[in-house]
Amino acid sequence: MFQDRLQALLVPAVQQAFASLFNAEVAADRITFQSTRPEFEGDVTINVFPFLKQSGKGPEPTAQSIGEHLQANVEVVERFNVVKGFLNLVIADRYWLGFLQEAREKDILQFPISGKKVMVEYSSPNTNKPLHLGHLRNNFLGHSVSRILQAAGHEVIKAQVINDRGIHICKSMLAWQKFGRGETPESSGLKGDKLVGKYYVEFDKAFKREIEELVTTGKSKEAAEKEAPIILEAQDMLRKWEANDPEVRALWEKMNGWVYAGFNATYVRMGVEFDKLYYESQTYVLGKNDVLEGVKKGVFYEKDGAVWVDNTNEGLDEKVLLRSDGTSVYMTQDIGTAIKRFEEFPGLAQLIYVVGNEQDYHFKTLFTILRKLGFAWASELHHLSYGMVDLPSGKMKSREGTVVDADDLIEEMVGEARATGEQLSKLDAVSEQEKTELYEMVGLAALKYFLLKVDPKKQMLFDPAASIDMQGHTGPFIQYTYARTKSLLKKAQAEFPVPSSQLSDAHGQLTTDNHALLPEERTVIKLLHQFPAMLEEAAARLDPSALANHTYELVKAYNTFYQTVPVLKEEDGAKRNFRIGLSAATASATKRAMWCLGIDVPERM
RNA sequence: GGACUCGUAGCUCAAUUGGAUAGAGCACCUGACUACGGAUCAGGAGGUUGGGGGUUCGACUCCCUCCGAGUUCACCA
């Protein structure tokens with residue numbers, strides 16, 4: 001379904017073959033290709049089992065006659081063989097070399113401008129505590145998907161919603177007021193988000209103490225949770241906030257300011273950024289009118305003074321959209337902000353929410369509601385739902401103190417990169433400053449790649465001890481291959497400058513019988529050749545993992561090539577030039593693919 | 001209880017969305033011109049794809065059922 005250009009060339013030819021051989025029509029999307037398995041000769045394979053009805057023959061004769069037809073009529077099909085119902089095609093070297101030439105001349109991972117505008121919302125933190133491991137998966141996914149969509153030719157708006165109001169931040173504010181003694185990030189040396197998080201914990205402690213006391217006086221636990229003075233005070237503070245009480249607002253602005261400074265430091269280190277910020281304190285009033293409008297249209301209904309939507313026909317439930325006192329719920333503002341965004345960006349083609357799968361139900365409901373309100377764009381809303389990140393000890397629980405802090409984790413990964421680097425790297429002559437930058441790059445690559453190589457929708461396990469690997473299927477492995485290739489290319493440039501126009505005749509005259517490409521070379525070219533289709537797929541599925549895995553396959557194949565085939569040591573100039581060109585194409589595709597994942601690659605390490 | 005996800009080598013993950021003998025990495029063993037950079041490469045061992053049934057020329061993939069894990073179903077956010 002995501003065809004590369006060779007497949008695009010072959011599909012019509014196969015259709016033609018069916019027409020002239022069997023007088024039968026075959027739909028293009030039913031003709032699927034796969035890479036030929038390494039144990040057979042060939043480059044691409046067509047499975048003919050699905051077409052036996054059309055051909056009226058058995059698998060082997062069908063495959064045989066299609067093979068003959070393709071060989072006779074398609075220039076690049078050089079030979080074929082048939083194994084059971086599988087038709088293996090050998091594609092001429094000429095074709096692969098032509099492609100490589102192109103990959104040298106232009107970026108194969110940048111598609112033409114589509115003119116489509118897409119918004120990706122990710123991160124969406126609460127302002128009462130620091131970012132943690134879950135946010136890292138969210139941010140890396142959102143950032144990578146944004147870049148993938150950009151590479152696919154779209155204009156992308158990266159948006160962050162900041163949940164800056166509500167009872168959670170009031171809890172931190174109140175605890176700071178009571179126990180903080182004027183502590184600030186400056187006076188404590190704590191990052192702003194850490195400081196505010198500390199008072200959120202303080203609140204919880206005090207709250208629990210009060211509950212316990214009330215329980216000893218004979219109250220039930222439920223009653224105590226509702227009556228504890230400190231929670232009543234926090235609720236009162238929230239009311240004051242809503243009434244625009246100047247003192248509360250000033251404190252709120254001050255503490256949120258600390259948090260933003262802290263978040264920004266983390267975002268900078270993570271290497272993610274946003275084009276557009278939405279603050280919940282400004283958007284939480286939205287949606288009410290849209291809901292009332294829906295009541296008029298008869299899409300929603302009133303019951304006991306509240307507004308409801310009935311989604312039972314869609315396999316969902318009934319849901320309150322406005323309480324009987326007329327106030328909003330969370331869903332209300334999500335309805336409002338979605339509508340506002342499409343007003344703000346009239347050409348918006350897609351809106352993607354990167355949010356964990358615990359909100360699957362919420363988004364199903366939201367999208368259903370917007371469809372019912374009649375918005376044409378409702379079909380272009382996507383929930384990029386990702387699974388939880390578990391720890392070996394189980395779930396992250398803030399109450400049990402098992403939350404993995406984002407800053408701490410990055411620090412740990414960078415430290416590990418430094419430890420490994422100091423043992424292995426060949427950078428003795430390099431400045432301390434440059435080394436620090438390098439280890440930062442490597443540590444983050446390890447972390448990002450680890451989180452991105454897994455299918456987003458799947459729940460995954462993060463073992464801090466095992467995850468800091470720098471070997472094998474990891475980000476640093478890809479970086480290492482890139483750096484080594486760049487080093488090779490630098491030498492090549494000094495010793496044997498290669499005009500790219502010479503690449504195509506690197507193997508001399510290429511006839512259909514001339515199999516000059518070595519298997520190691522051929523494998524690398526084929527992986528490069530598949531790259532654009534992988535990007536297309538990643539963009540369509542909003543899934544960086546396929547791209548991440550393919551990048552690994554590519555550098556792995558390149559390493560095999562590098563290890564077994566001489567490049568600079570090759571004495572035949574044409575072959576040497578060709579291999580230098582292959583290396584250059586691999587390096588630039590690797591760099592570009594890693595960019596799509598939000599990962600930097602070093603020139604040396 | 002209803003709804004949705006998921007279960008693949010000891011561990012962490014793949015498998016072109018129904019195709020050939022289910023592939024990688026880690027860990028474990030054995031090797032590699034005194035390296036075009038060894039954070040590499042070559043090889044070995046490791047599987048009844050949670051169990052059972054069904055559909056199909058063909059099932060890790062689709063259907064049924066059982067077992068196990070997670071999430072979710074507030075006039076919370």
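On a predicted model such as this, the values are computed, not experimentally measured, just so you know. Throughout, a chain's letter reflects where its sequence line sits, starting with A, and its residues are numbered from 1.
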Identify whether a stacking contact exists between [X] and [N], where the ring centres must be under 5.5 Å apart and the planes under 30° apart.
{"X": "A:Phe49", "N": "B:G58", "result": "no"}
{"X": "A:Tyr361", "N": "B:A3", "result": "no"}
{"X": "A:Tyr562", "N": "B:C36", "result": "yes"}
{"X": "A:Phe477", "N": "B:A39", "result": "no"}

Nearest-angstrom distance, [atom1] atom, [N] to [M]:
{"N": "B:A74", "M": "B:G25", "atom1": "P", "value": "47 Å"}
{"N": "B:C64", "M": "B:G23", "atom1": "P", "value": "29 Å"}
{"N": "B:A59", "M": "B:G53", "atom1": "P", "value": "14 Å"}
{"N": "B:A42", "M": "B:A9", "atom1": "P", "value": "25 Å"}
{"N": "B:C6", "M": "B:U49", "atom1": "C1'", "value": "14 Å"}
{"N": "B:G38", "M": "B:U21", "atom1": "P", "value": "38 Å"}
{"N": "B:U8", "M": "B:G50", "atom1": "P", "value": "6 Å"}
{"N": "B:C57", "M": "B:C11", "atom1": "P", "value": "37 Å"}

Contact class for [X] vs. all strands (heavy atom < 4.0 Å): base, sugar-phosphate, or nothing?
{"X": "A:Val565", "value": "base"}
{"X": "A:Gly421", "value": "base"}
{"X": "A:Met388", "value": "nothing"}
{"X": "A:Pro50", "value": "base"}

Please determine if a side-chain N or O atom of [X] lies less than 4.0 Å away from the OP1 or OP2 oxygen of [N].
{"X": "A:Thr474", "N": "B:A39", "answer": "no"}
{"X": "A:Lys569", "N": "B:A35", "answer": "no"}
{"X": "A:Lys57", "N": "B:C57", "answer": "no"}
{"X": "A:Arg37", "N": "B:G23", "answer": "yes"}
{"X": "A:Asn559", "N": "B:C41", "answer": "yes"}
{"X": "A:Arg484", "N": "B:A35", "answer": "no"}
{"X": "A:Lys556", "N": "B:G25", "answer": "yes"}
{"X": "A:Lys490", "N": "B:C36", "answer": "no"}

Go through A:Glu242 and A:Tyr284 one step at a time and tell me if the side-chain hydrogen bond (donor to acceptor under 3.5 Å, both in side chains) criterion holds. CA-CA 11 Å; A:Glu242 283 173 0; A:Tyr284 83 111; 4.7 Å; no
Let me spell it out: for each of A:Lys453 and A:Phe86, pick the nucleotide of RNA chain B with the closest heavy atom. Which residue's pick is nearer the 5' end? A:Lys453
May I have the step-by-step check of side-chain hydrogen bond (donor to acceptor under 3.5 Å, both in side chains) for A:Asp164 and A:Ser281, ending in yes or no? CA-CA 6 Å; A:Asp164 61 343; A:Ser281 55; 2.6 Å; yes
Locate the shortest heavy-atom distance separating A:Ala584 from A:Leu489; write the atom from each residue and the value.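 Smallest heavy-atom distance, with atoms named: CA-CD1, 3.7 Å.
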Where is the tightest heavy-atom contact between A:Leu322 and A:Leu292, given as atom of each residue plus distance?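 Nearest pair, atom of A:Leu322 first, then A:Leu292: CD1-CD2, 3.9 Å.
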Report yes or no: is there a donor-acceptor pair, N or O only, under 3.5 Å between the side chain of [X] and the base of [N]?
{"X": "A:Asn549", "N": "B:A15", "result": "no"}
{"X": "A:Ser324", "N": "B:C75", "result": "yes"}
{"X": "A:Glu358", "N": "B:U72", "result": "no"}
{"X": "A:Thr45", "N": "B:A20", "result": "yes"}

Parallel, tilted or perpendicular: rings of A:Tyr353 and A:Phe363 (30°, 60°): tilted
Just name whichever nucleotide pairs with B:U71, Watson-Crick or G-U, keeping both distances under 3.5 Å, else none. B:A3
Quick check on B:U17: syn or anti? Syn means the glycosidic torsion is within 90 degrees of zero.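 Syn conformation for B:U17.
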In terms of side-chain heavy atoms, does A:Thr481 have a donor or acceptor partner in A:Asn559 at a distance below 3.5 Å?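 Note: A:Thr481 and A:Asn559 side chains meet the donor-acceptor criterion.
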Set out, in order, the CA-CA distance, both residues' side-chain angles and the distance that settles side-chain hydrogen bond (donor to acceptor under 3.5 Å, both in side chains) for A:Asp43 and A:Thr36, then state yes or no. CA-CA 5 Å; A:Asp43 296 307; A:Thr36 305; over 6 Å; no
